[in-house]
Novice: 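There's a structure below that I have some questions on.
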Amino acid sequence: MTGVARWLDGIEEQAAGVLPPEIHAYFRRGASQGLSVAEAAPAWDGFRLRPHILRDVSRCETSTTVLGTAVDTPVLIAPSTLQRRAHPDGEAATALGAAGAGSLLAVTSNTAVPFSALEPSGAPWWVQVYVARDRS
C-alpha cells in the first residue's frame, strides 16, 4: 500500500475526530438514497492500473479539458454545502485546494461564502443550479 493509499484509508477516521458528529454524518451520507456512496468503494476497489512494459513514463500528462474548461488533473471537486462547518473559510478554502491541484470545483448554489470569495484562488469553478419547476 502506498503512502497516499494509507493516508486516504485513515481520512474518514480523522474527519470523524475533528468534525461535529452531525456534520461528519452529513458528509458521509451522500445524496438521495446514498447509492453513489454505497457503490464508490467497491468501484474503486475494482479499478486496476495495468502496467505496460518498456514504455517511457518519465513524463506523464494528465491535463485535459472538461466541458471546455482546462484542468491539470481530471479529478474534479463535487459541490457540497455546509463546508463552513468543516473549515471557517468554507468553499474559499476548497477553491484554494482546487487551484493548487490544477483542478476545478463545482460550487453549490447554497454556498456559505459569496462567489467573490472564490475568485482570489484562481481556480476555475462552476455553480450547481437548481431550476425550480414553478419559477414564480
Side-chain angles (χ1 to χ4, degrees):
M1 183 181 287
T2 68
V4 171
R6 279 193 296 273
W7 178 79
L8 286 174
D9 277 348
I11 198 165
E12 186 172 338
E13 291 79 17
Q14 290 177 4
V18 297
L19 293 174
E22 69 278 8
I23 299 304
H24 179 255
Y26 172 81
F27 287 137
R28 274 194 91 230
R29 183 175 53 241
S32 190
Q33 301 297 316
L35 296 177
S36 294
V37 171
E39 294 174 353
W44 280 107
D45 287 344
F47 183 74
R48 297 288 179 256
L49 296 177
R50 298 183 322 182
H52 294 278
I53 309 296
L54 301 176
R55 300 249 177 130
D56 180 11
V57 293
S58 59
R59 288 177 23 118
C60 295
E61 180 62 44
T62 60
S63 64
T64 188
T65 58
V66 180
L67 299 174
T69 301
V71 293
D72 293 335
T73 177
V75 178
L76 311 179
I77 301 169
S80 179
T81 192
L82 299 180
Q83 290 190 36
R84 273 212 164 146
R85 294 289 309 272
H87 188 279
D89 294 335
E91 290 84 350
T94 304
L96 287 172
S103 189
L104 159 77
L105 76 147
V107 180
T108 176
S109 55
N110 297 324
T111 179
V113 301
F115 293 144
S116 61
L118 306 175
E119 294 298 330
S121 73
W125 53 279
W126 298 338
V127 177
Q128 174 192 39
V129 177
Y130 297 98
V131 179
R133 284 193 173 141
D134 180 2
R135 295 183 185 193
S136 62

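Values reported hereafter were calculated over all heavy atoms of this structure, with side chains retained and with hydrogens, waters and symmetry mates removed. Residues: numbered from 1 along the sequence shown.
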Novice: Apply side-chain contact (heavy atoms from CB on, under 4.5 Å) to residues Leu76 and Val66 and explain how you reach the verdict.
Specialist: CA-CA 9 Å; Leu76 311 179; Val66 180; 3.8 Å; yes
Novice: Keeping to residues at least two apart or across chains, list the ring-ring contact (aromatic ring centres under 6.0 Å, His included) pairs with something in residues 50-75.
Specialist: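 Found none.
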Novice: Could you list all the side chain to side chain donor-acceptor pair (under 3.5 Å) pairs where at least one residue sits in residues 67-81, not counting sequence neighbours?
Specialist: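 For residues 67-81: Thr69-Trp126.
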Novice: Hey, quick one: are Phe27 and Val18 part of the same hydrophobic cluster, counting side-chain heavy atoms closer than 4.5 Å, chains of contacts allowed?
Specialist: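 Phe27 clusters together with Val18.
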Novice: Quick one: which residue pairs count as a salt bridge (charged side-chain N to carboxylate O under 4.0 Å, His left out) with a foot in residues 92-119, not counting sequence neighbours?
Specialist: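 Listed once each, the pairs would be none.
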Novice: To which residues is Val75 joined in a hydrophobic cluster, defined by side-chain heavy-atom contacts under 4.5 Å among Ile, Leu, Val, Met, Phe, Trp and Tyr, whether direct or through other members?
Specialist: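 Its cluster partners, ordered by chain and number, are none at all.
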Novice: Do Pro74 and Thr62 touch side chain to side chain, with heavy atoms closer than 4.5 Å?
Specialist: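 Yes, their side chains come closer than 4.5 Å.
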Novice: What residues, two or more places apart in sequence or in another chain, satisfy side-chain contact (heavy atoms from CB on, under 4.5 Å) together with Leu96?
Specialist: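 Partners of Leu96 under the side-chain contact (heavy atoms from CB on, under 4.5 Å) test: Ser121.
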Novice: I'd like to check the ring-ring contact (aromatic ring centres under 6.0 Å, His included) partners of Tyr26; sequence neighbours left out, ordered by chain and number.
Specialist: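 By the ring-ring contact (aromatic ring centres under 6.0 Å, His included) rule, Tyr26 matches no residue at all.
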Novice: What pairs of residues pass the salt bridge (charged side-chain N to carboxylate O under 4.0 Å, His left out) test when at least one of them lies in residues 52-71, not counting sequence neighbours?
Specialist: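 Qualifying pairs: none.
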Novice: What pairs meet the ring-ring contact (aromatic ring centres under 6.0 Å, His included) rule with one or both residues in residues 66-114, with sequence neighbours excluded?
Specialist: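 The answer is none; no pair qualifies.
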Novice: For Val129, which residues count as a side-chain contact (heavy atoms from CB on, under 4.5 Å) partner, sequence neighbours excluded?
Specialist: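 For Val129 the side-chain contact (heavy atoms from CB on, under 4.5 Å) partners, ignoring immediate neighbours, are Val127, Val131.
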Novice: Residues two or more places apart in sequence or in another chain: which of them pass side-chain contact (heavy atoms from CB on, under 4.5 Å) with Leu105?
Specialist: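 side-chain contact (heavy atoms from CB on, under 4.5 Å) check on Leu105 returns Ile77, Thr94, Ala95, Ala98, Val107, Ala123, Trp125.
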Novice: Using distance only, find each side-chain donor-acceptor pair of residues 110-118 under 3.5 Å and give its atom names and separation, not counting sequence neighbours.
Specialist:
residue, atom, partner, partner atom, Å
Thr111, OG1, Glu91, OE1, 3.2
Thr111, OG1, Glu91, OE2, 3.3
Thr111, OG1, Val113, N, 3.3
Thr111, OG1, Val113, O, 3.3

Novice: At what distance, to the nearest 0.5 angstrom, does CD of Gln83 lie from CG of Asp89?
Specialist: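 Here the rounded value is 11.0 Å.
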Novice: Go through the structure and list residues passing salt bridge (charged side-chain N to carboxylate O under 4.0 Å, His left out) with Arg85, not counting sequence neighbours.
Specialist: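 Glu22.
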